[in-house]
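Before any comments, here is the structure.
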Amino acid sequence: MSASERVGPAMSLAQAADALGLSRSRVDALVRSGRVRSRRIGHQHVIDDLSELSALPRRSGRPMSTRMAWALLLFADGRPVEWVAPTERSRLRQHLARLRVDPEPEVLLQALVVNRADRIALHGAEPQGLSADDEVVVSGLSDERSGLSAGSSFEGYVHVDDLRKVMRRHLLVEPADNRPNVWLHVTEHLPAASTRLQVAADLAEHGSARERSRARELVHDVVGRVAP
């Protein structure tokens, strides 16, 4: 099936995955994170427009483990990473060197640290209230270093053990018509404050030209200051 072929008025996630040569789990994750719009018919999600899915940047290569992804994000910010062995620290420098010369460093960063957290898209009546929650770490669009206005949206990180509490506290639900205004990155490795590369990776995951451009600027600023 070619990417331009359609099955009825919409494509199931399995059909979309097959059309673009992606795994079903990958398409599921993109829909769940809000990066690809879908709508619900009965008990399943369907995609009306494959162009949004096919336009997402892709990079080949093996992503870093959750542990090493966080090591890279912290190390690049000059934060302590005592658990990293000398050989692993050398690999971190190699990754930073790759980011320094890559023509699309934000896409490479996104691919490298994708395992840092699970990204979920939600909807809340008062998303800005999350910024004052002690169990949420502000990042991405909501971090002032993004240089972007989050408007009536919010993005941040929450520990996996606190997710349900945070959702109940702020009345967060699955977004209707896939129009989220809250993006939470759920992880077991919650930093006290977001790092610059963490903010850049979050912005890159939104996929639009504006967010990717700012993510690229942040990456250049970070890797240009880290000693080779």
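Owing to the predicted nature of the structure, the values given are computational and were not obtained by experimental measurement.
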With rounding to the nearest 0.5 angstrom, report the [atom1] to [atom2] distance, [X] to [Y].
X: L148; Y: E155; atom1: CG; atom2: CD; result: 10.5 Å
X: W183; Y: L141; atom1: CH2; atom2: CG; result: 6.0 Å
X: R216; Y: L99; atom1: CZ; atom2: CG; result: 12.0 Å
X: Q198; Y: R145; atom1: CD; atom2: CZ; result: 8.0 Å
X: M64; Y: L112; atom1: CE; atom2: CG; result: 6.5 Å
X: D77; Y: R196; atom1: CG; atom2: CZ; result: 4.5 Å

Can you check whether G124's main-chain N or O pairs, donor with acceptor, with N181's side chain at less than 3.5 Å?
yes
Closest approach of [X] and [Y], non-hydrogen atoms and distance?
X: V136; Y: G156; answer: CG1-CA, 4.5 Å
X: L109; Y: A200; answer: CD2-CB, 3.8 Å
X: G140; Y: S146; answer: O-CB, 3.4 Å
X: A71; Y: V84; answer: CB-CG2, 3.7 Å
X: A111; Y: P63; answer: O-CB, 3.3 Å
X: P127; Y: S152; answer: CG-O, 2.9 Å

Check: [Y] and [X] side chains under 4.5 Å, non-hydrogen atoms:
X: H123; Y: E174; answer: no
X: L203; Y: E106; answer: no
X: R214; Y: R210; answer: no
X: I120; Y: V182; answer: no
X: T195; Y: R79; answer: yes
X: V113; Y: L197; answer: no
X: E205; Y: R119; answer: yes

Mind checking ring-ring contact (aromatic ring centres under 6.0 Å, His included) for Y157 and listing every partner two or more places apart, or none if nothing turns up?
W70, H185
Can you list everything that forms a side chain to side chain contact (heavy atoms under 4.5 Å, CB included) with D161? Sequence neighbours excluded, please.
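Applying side chain to side chain contact (heavy atoms under 4.5 Å, CB included) to D161 gives H159.
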Electrostatic pair E188-R116, nearest N-O below 4.0 angstrom:
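No, this pair does not count.
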I'd like to know whether V46 forms a side chain to side chain contact (heavy atoms under 4.5 Å, CB included) with M11, so could you lay out the CA-CA distance, the side-chain angles of the two residues, the decisive distance to 0.1 Å, and finally the verdict.
CA-CA 5 Å; V46 297; M11 299 185 77; over 6 Å; no
Please assess E217 against R212 for the test salt bridge (Lys or Arg N to Asp or Glu O under 4.0 Å), listing each intermediate value before the final yes or no.
CA-CA 9 Å; E217 291 174 355; R212 286 186 59 194; over 6 Å; no
Is there a chain of hydrophobic side chains (I, L, V, M, F, W, Y, each step under 4.5 Å between heavy atoms) that links L184 to V114?
no
In terms of hydrophobic clusters joined by side-chain contacts under 4.5 Å, are L92 and V101 together?
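Shared cluster, no.
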Donor-acceptor pairs are to be reported for all side-chain atoms of residues 163-173 against protein atoms at under 3.5 Å, with residues two or more places apart or in another chain.
residue	atom	partner	partner atom	Å
K165	NZ	E135	OE2	3.1
K165	NZ	D162	OD1	3.1
R169	NH1	D133	OD1	3.0
R169	NH1	D133	OD2	2.7
R169	NH1	E135	OE1	3.1
R169	NH2	E135	OE1	2.9
H170	NE2	D133	OD2	2.7

Looking just at side-chain N and O atoms, do N115 and T66 make a donor-acceptor pair shorter than 3.5 Å?
no
Is there a side chain to side chain donor-acceptor pair (under 3.5 Å) between S194 and D143? Walk through the geometry before answering.
CA-CA 8 Å; S194 295; D143 191 293; 4.6 Å; no
